[in-house]
Amino acid sequence: MATILLFLGLNFWSNQLDDLHIQDVKIYNTFFAMENGKPTFYLYGKLKPTFASYSGGAFTQYNNSNGDNYGWNTSKNNVYIDGQQTHSPFGSKEVVFRIKSDSKEGLTLLNQNLYLTDHHHHKIKIYNAQTKTQPYSINQKDTQKFIKQNKLH
């Protein structure tokens with residue numbers, strides 16, 4: 001009986017949602033693509049710790065069961081992207097974020113700095129709007145090429 005209770009308790013703990021911790025993520029690619037005529041930003045990464053798996057992303061802005069905002073937050077010049085993870089060693093380690101430009105929501109993307117953040121106020125700059133560069137991009141460090149190809153301003 002004790003073994004069953006221990007197993008159930010560990011399973012419950014390992015599947016609880018938690019902040020995506022910046023130090024847990026290794027970013028291996030970022031890029032812009034056109035999607036339905038709008039610039040869309042993609043981030044691909046992998047979680048490093050054994051007891052972590054990816055859950056949630058920035059496809060839309062959403063609230064978790066605690067009422068915390070996840071997905072993205074904006075200010076005039078910046079977009080802050082965050083997500084959630086679990087403590088399960090068996091879940092997916094792949095981290096994927098996708099954010100589509102939406103001027104009604106304040107997401108112009110190409111004109112805003114993009115940061116991957118967590119609720120501990122850690123952040124990583126993943127796109128610089130002034131220089132139009134992405135330090136974690138494999139093929140598209142210079143976003144000027146993307147802007148010219150798609151006739152964006």
Could you state the interatomic distance from [atom1] ([X]) to [atom2] ([Y]), rounded to the nearest 0.5 Å?
X: Gln149; Y: Gln144; atom1: CD; atom2: CD; value: 11.5 Å
X: Leu152; Y: Asn111; atom1: CG; atom2: CG; value: 9.5 Å
X: Gln23; Y: Leu47; atom1: CD; atom2: CG; value: 11.0 Å
X: Leu110; Y: Gln112; atom1: CG; atom2: CD; value: 9.5 Å

Verdict with reasoning, Lys93 to Val25, per side chain to side chain contact (heavy atoms under 4.5 Å, CB included): CA-CA 9 Å; Lys93 299 274 188 224; Val25 180; over 6 Å; no
Residues Ile99, Ile81; criterion side chain to side chain contact (heavy atoms under 4.5 Å, CB included); working and verdict: CA-CA 9 Å; Ile99 297 184; Ile81 302 167; 3.5 Å; yes
For residues [X] and [Y]: do they belong to one hydrophobic cluster (side chain heavy atoms under 4.5 Å, members Ile, Leu, Val, Met, Phe, Trp, Tyr)?
X: Leu107; Y: Phe41; result: yes
X: Tyr115; Y: Tyr127; result: no
X: Phe32; Y: Ile27; result: yes

Keeping the roles fixed (side chain from [X], backbone from [Y]), state whether a donor-acceptor pair exists under 3.5 Å.
X: Asp118; Y: His120; value: yes
X: Ser101; Y: Lys38; value: no
X: Asn113; Y: Ala129; value: yes
X: Ser137; Y: Thr30; value: yes
X: Tyr28; Y: Tyr44; value: no
X: Lys123; Y: Ile22; value: no

Can you list the residues that meet the side chain to side chain donor-acceptor pair (under 3.5 Å) rule with [X], with sequence neighbours excluded?
X: Lys26; value: none
X: Thr40; value: none
X: Glu35; value: Tyr42, Arg98

Tyr80 and Asp82: side chain donor to acceptor below 3.5 Å: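 Looking only at side-chain atoms, Asp82 and Tyr80 do not form any donor-acceptor pair under 3.5 Å.
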Short side-chain donor-acceptor distance under 3.5 Å, Thr143 and Gln134: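 The answer is yes; a qualifying pair exists.
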Would you indicate whether the side-chain heavy atoms of [Y] and [X] approach each other to under 4.5 Å?
X: Met34; Y: Phe146; value: yes
X: Leu116; Y: Phe97; value: yes
X: Asn150; Y: Pro39; value: no

Over all atoms of both residues, closest heavy-atom pair of Pro135 and Lys125: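 Minimum heavy-atom separation between Pro135 and Lys125: CG-O, 3.6 Å.
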